[in-house]
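Scroll down for the structure; my scribbles are underneath it.
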Amino acid sequence: MAGLKIITTIVSVVLLLYCSIGKAVDLPAQVFRNNSAVMLIIDPSSGQITAANNAAAAFYGYAESELLTLRIQDINQFTAEQVAIERKNAVAEGRNYFIFRHQLADQTIRTVSVYSVPFRDKNNEIKLFSIIQDISEQRFLQQSLWHYQANLEQQVVLQTQEIKQVNQSQTLLLSVVIVVLCGATLILGVFLMRLRRAKKRSESQGARLSAIFDAIGDYLIFTNDHGKILSANSRVSDDFTFIGGMLNNSINTLFPGIECLFEASYSNKECEVRLQGQSRIFSVTKSDVRDAKDVRLGFIYVLQDITVRLANEREQRLASTVFSTTSEGVLVSDKDNNIQMVNRAFSQITGYSSEEVLGESPALFNSGRHGPAFFKQLYRELHEHGHWEGEIWNRRKAGEVYPSWLQVSAVFDEAHNIEMYVALFNDITSRKNHEQMMWQQANFDTLTGLANRLHFHEQFDHSLDRAKTHASRLAICFIDLDRFKAVNDTLGHHIGDLLLIEAAQRLKECTRSSDIVARLGGDEFALLLPDIDTISDIEKIANKVLQQLAAPFELEGHETFVSGSMGITFFPDDGGDRKALLRNADSAMYKAKEHGRNCYQFYTAAMHEHAQARRQLEGALHKALSNQELKVFYQPIVSSDGQHIGSEALLRWHNEVLGLVPPDKFIPICEELGLIVTIGEWVLYQACSQAKAWCDRIQQSFFVTVNVSSIQFQRADMAQVIARVLKETGLAHHCLTIEITETVLADNSDNILQQLNALRDLGVELAIDDFGTGYSSLSYLKRFPLSKLKIDRAFIRDLPNDQEDRALVKAIISMAGNLNLTVVAEGVETQPQLDFLRTLKCDYSQGYLHSKPIPALEFEHWLTEQVIELP
């Protein structure tokens, strides 16, 4: 019996090791089914036999299918209530060894020992794993032994009594005793042999179970009450190496620093473990191991590495969070395209709740804008490439159709069959609106709403391609508003903008719906007129346009007049590509301006030659200063009493190829090219140096007047430039007069006003040129720090005969005197003109009557003759 108890204890420990895992166990089918031990798996709640191996079917005499229809209480001879109590104890209290009487299929009653332990199956349900051993013969032998022992003792007593009574019978009694003892010894030998065979079967079964438990991937460690390791599974032995072995070492040496190892029993406690230089997370379960007398033998530790599981759970939570919080709508459908899952953004975009769409087809959102061919191509892409992306129009629950950007991916199984579809989409209505707005801004003028230069060129190219294909004609018109700059300068940019808006509207009213009207920039417009067959057709449009532009513009109480200069070219007559046609139209437009404006001109070969000459002029002008082709001429300015003389510095250009180029030809080009800044500073330096030399040689005051354009004020700080030039040349500040036009003043910017005030603070004189030709000259005299004004030659030409000119000049001189302004009359060519100006007390005169503009050396000779003999 001591040997049986030892075997029972070993099996109990193995079972306790197995059942303390704390997780679902999937027993190897081959090991379970073919094991020679009788094994059953029982549902503890109902007693239903859920699995039986081949040995169980053979032992009970039932077919396996019949056995699985029985409950354990149908076999056990205890009452159903007693069996239920024992099952409950096996689950709740960990009791695992029982002695029962089981009825076989042939109604035979057998005495069996049952080792039964709870575990969780792959469905995480608790089941009882039972190993049944037939101990009927063992019990029969035990009972026979007990019977023989009792009889033997009784016989010994009787024989003793008989010996006492009858000494003669001692020999017989001894013989009987010897026979009985021999029989008992024989029976005991048979019992021990059977017991040895049972022990071998138990060891074999234990070895099989140990192999199963060693295959478990978690750490299983059995210690005594003091934490000394008594045994462990192979996973522990594989991962930990100890000199001299691991047994009898403290569990703390395996997992140092884990406080929970020495706490009372617990289940599934998360602990961080430093293992092989890496931080890992383990789920630790600590359970008592007790013998049949409830004496604690030690502790079982189950350490499950859950690092990967926790990482997966974090990834799943992250994926779930992203799925629910992403701003993109997400839709998941099965292989039949039935919706299985949607996120919150899906409901926000479509208006459908998840309950309304689950099980439905995405065709529910079809807007009707895409035909079957579109979706056929979409699913072809998904099957061939696994992905489709593009713009699609869907319909919301409220019926609104909206654009969305859709990305669909197919998820394939191992056989490369589509398992599901995942669609991500977002509402791109605002983006489409923004793109439309950006396209509008990129292709249309923000002020007038007309096509801009870029869009005009694109439409031009399309129309040109069509004209070439259909052998049709195409007309291009360049339109520049005459006198727009004067309106913009005098009435302000706001009125100028209103004029451009109104002019654009008038141009659109003069054209057909198929024509393109564009604003190329500033006051330049262009018309693209396809399918124009005759010159008379374009002339009708041109006359209508010019008539509309010449009509008065009523702009916030201001009646303004402008006109248009139009240049016209034809395809294919005047060019075969866009650049040539536009260049020729521009040339024709400039020709219209030269013909008095408010007219149109057709492009000719002569216009092309003129354009070539302009390009040649621009190229030569870039080299004029470095080639020393520029000269400063001087024209005298004489006071009315002849006692004071000055001069105006005038730029002249003589080129070896072009000859003498008039200032009105090259100075505007200098301003357009930005050369006026460098050339203007050079003129200023030359004039001041020459004036300084003349001031040093004469005995009376002398001044020089230098013209400064608006471009110079805009691109440089002229106050600083002039101060530097005066310092370098040594010319007194009051000997310099800066001459500006109304264009400078019309800019009306604080920057220019600050520069003019700085010049007056230096002591430099400021003169306004061509006074009387603008719209707001009187306001300039009040706002800006002027000291001189020059009457335009247009008012001097017809003096003294023209009555209106006499009145105007008289009024200007009188007004200037009241404002303490010095007056200079330009264009004085006759003595009667000079005499009339002297009667009006005009301060200075300038013109051919005194001298035309001449080089510095000639001016010096004139100065010698007119004023004083130079030493």
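In this chain, numbering begins with 1 at the start of the sequence shown.
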task: Taking the six-membered ring of F444 (Phe, Tyr or Trp), confirm whether the NZ or CZ of R519 is under 6.0 Å from its centre and within 45° of its axis.
output: no
Would you be so kind as to tabulate the donor-acceptor pairs closer than 3.5 Å made by side chains of residues 652-662, with sequence neighbours excluded?
| from | atom 1 | to | atom 2 | distance (Å) |
| --- | --- | --- | --- | --- |
| W653 | NE1 | E629 | OE1 | 2.8 |
| N655 | OD1 | V657 | N | 2.8 |
| N655 | OD1 | L658 | N | 2.9 |
| N655 | ND2 | E629 | OE1 | 3.1 |
| N655 | ND2 | E629 | OE2 | 3.3 |

message: Checking S640 against K841: is there a side-chain donor and acceptor pair closer than 3.5 Å?
response: no
- prompt: Is R453 reaching over with its side chain to a backbone N or O of G521, donor-acceptor style, under 3.5 angstrom?
  reply: no
Other residues, nucleotides, ligands: >12 heavy atoms within 6.0 Å of Q547 CD: no
message: For F484, is there any backbone N or O sitting under 3.5 Å from a side-chain donor or acceptor partner on N488?
response: no
task: Say whether T448 and D445, considering side chains only, have a donor N or O and an acceptor N or O under 3.5 Å apart.
output: yes
query: Going by distance alone, is a donor N or O of one side chain under 3.5 Å from an acceptor N or O of the other, for Q846 and K790?
result: yes
- request: Verify the distance criterion only: is there a donor paired with an acceptor across the side chains of T822 and D843 at less than 3.5 Å?
  value: no
field: Over-ring placement of K788 relative to F703, 6.0 Å and 45° cut-offs
entry: yes
message: Give me the atom names and distance for the closest heavy-atom approach of C695 to C735.
response: SG-SG, 4.1 Å
task: May I ask you to check whether E765 and S787 show a side-chain donor-acceptor distance below 3.5 Å?
output: yes
field: Value rounded to 0.5 Å, distance of CE in M718 from CD1 in I738
entry: 6.5 Å
task: Could you please spell out the steps behind the side chain to side chain contact (heavy atoms under 4.5 Å, CB included) verdict for Q635 and Y848?
output: CA-CA 9 Å; Q635 186 175 32; Y848 281 12; 3.7 Å; yes
task: For residues L481 and V487, determine if any side-chain heavy atom of one lies less than 4.5 Å from a side-chain heavy atom of the other.
output: no
Heavy atoms from other residues, nucleotides or ligands near CE of M438 exceed 12 (cutoff 6.0 Å): no
message: Any heavy-atom pair between the side chains of L766 and T737 that's under 4.5 Å?
response: no
- prompt: Without hydrogens or angle criteria, can the side chains of D482 and S563 be said to hold a donor-acceptor pair below 3.5 Å?
  reply: yes
query: How long is the gap from OH on Y603 to CG on N584, to the nearest 0.5 Å?
result: 3.5 Å
message: Are D523 and D480 packed together at the side-chain level, in the sense that at least one heavy-atom pair is separated by less than 4.5 angstrom?
response: yes
task: Ignoring hydrogens and angles, state whether a donor on the side chain of E556 or H494 is under 3.5 Å from an acceptor on the partner side chain.
output: yes
query: What do you reckon, are the aromatic ring centroids of Y685 and W682 less than 6.0 Å apart?
result: no
Verdict with reasoning, I568 to Q601, per side chain to side chain contact (heavy atoms under 4.5 Å, CB included): CA-CA 6 Å; I568 305 171; Q601 288 289 320; over 6 Å; no
field: Contact check, side chains of L789 and V824, non-hydrogen atoms, under 4.5 Å
entry: no
query: Under 3.5 Å, is there a donor-acceptor pair between the side chain of D802 and the main chain of D798?
result: no
field: Non-hydrogen atoms of M566 and A542 that approach each other most closely
entry: SD-CB, 3.6 Å
- request: Report yes or no: does D586 contribute a side-chain atom to a donor-acceptor pair with the main-chain N or O of L582 at less than 3.5 Å?
  value: no
- prompt: Got a donor-acceptor contact below 3.5 angstrom from the S587 side chain to the R583 backbone?
  reply: yes
field: Carboxylate-amine/guanidinium proximity below 4.0 Å for D696 and K692
entry: yes
field: Polar side chain donor-acceptor pair, Q831 to D835, under 3.5 angstrom
entry: yes
- prompt: Which heavy-atom pair separates L621 from F666 by the least distance, and what is that distance?
  reply: CD2-O, 3.7 Å
- line: Smallest heavy-atom separation, L650 atom then P853 atom, equals CD1-CG, 3.5 Å
Heavy-atom side-chain proximity of F602 to D574 below 4.5 angstrom: no
query: Is Q833 reaching over with its side chain to a backbone N or O of I796, donor-acceptor style, under 3.5 angstrom?
result: yes
task: Taking atom NZ of K508 as the centre, report whether more than 12 heavy atoms of other residues, nucleotides or ligands fall under 6.0 Å from it.
output: no
message: Within the structure provided, determine whether I516 and F460 are in side-chain contact (heavy-atom separation under 4.5 Å).
response: no
query: Hey, is the main chain of F836 close enough, under 3.5 Å, to the side chain of T839 for a donor-acceptor pair?
result: yes
- prompt: Under 30°, 30 to 60°, or over 60°: which ring-plane class applies to W694 and F702, parallel, tilted or perpendicular?
  reply: perpendicular
Donor-acceptor pair, side chain of T864 and main chain of E860, under 3.5 angstrom: yes
task: Locate the shortest heavy-atom distance separating L759 from A719; write the atom from each residue and the value.
output: CD2-CA, 3.7 Å
query: Could you go step by step and tell me if R506 and F553 meet the side chain to side chain contact (heavy atoms under 4.5 Å, CB included) rule?
result: CA-CA 11 Å; R506 293 184 184 186; F553 287 82; 3.2 Å; yes
field: D461: partners by salt bridge (charged side-chain N to carboxylate O under 4.0 Å, His left out), with sequence neighbours left out
entry: R578
message: Using only atom types and a distance under 3.5 Å, with no angle test, would you say the side chain of T678 pairs donor to acceptor with the backbone of L675?
response: no
statement: Smallest heavy-atom separation, G646 atom then F859 atom, equals O-CZ, 4.2 Å
task: Run the numbers on T705 and S647 for side chain to side chain contact (heavy atoms under 4.5 Å, CB included), then give the verdict.
output: CA-CA 6 Å; T705 298; S647 67; over 6 Å; no
query: Is there side-chain contact between L527 and F478, with heavy atoms separated by less than 4.5 Å?
result: no
message: Quick check for you: to the nearest 0.5 Å, what is the distance between D497 atom CG and L447 atom CG?
response: 5.0 Å
- prompt: Below 4.5 Å, heavy atoms only, C-beta onward: do H850 and L834 meet side chain to side chain?
  reply: yes
query: Would a distance-only check, ignoring hydrogens and angles, find a side-chain to backbone donor-acceptor pair under 3.5 Å from Q712 to S709?
result: yes
query: Does the pair E826/R797 count as a salt bridge with the N-to-O cut at 4.0 Å?
result: no
message: Using salt bridge (Lys or Arg N to Asp or Glu O under 4.0 Å), reason through E681 and R724 one step at a time and then give a plain yes or no.
response: CA-CA 11 Å; E681 187 174 339; R724 175 170 49 81; 2.7 Å; yes
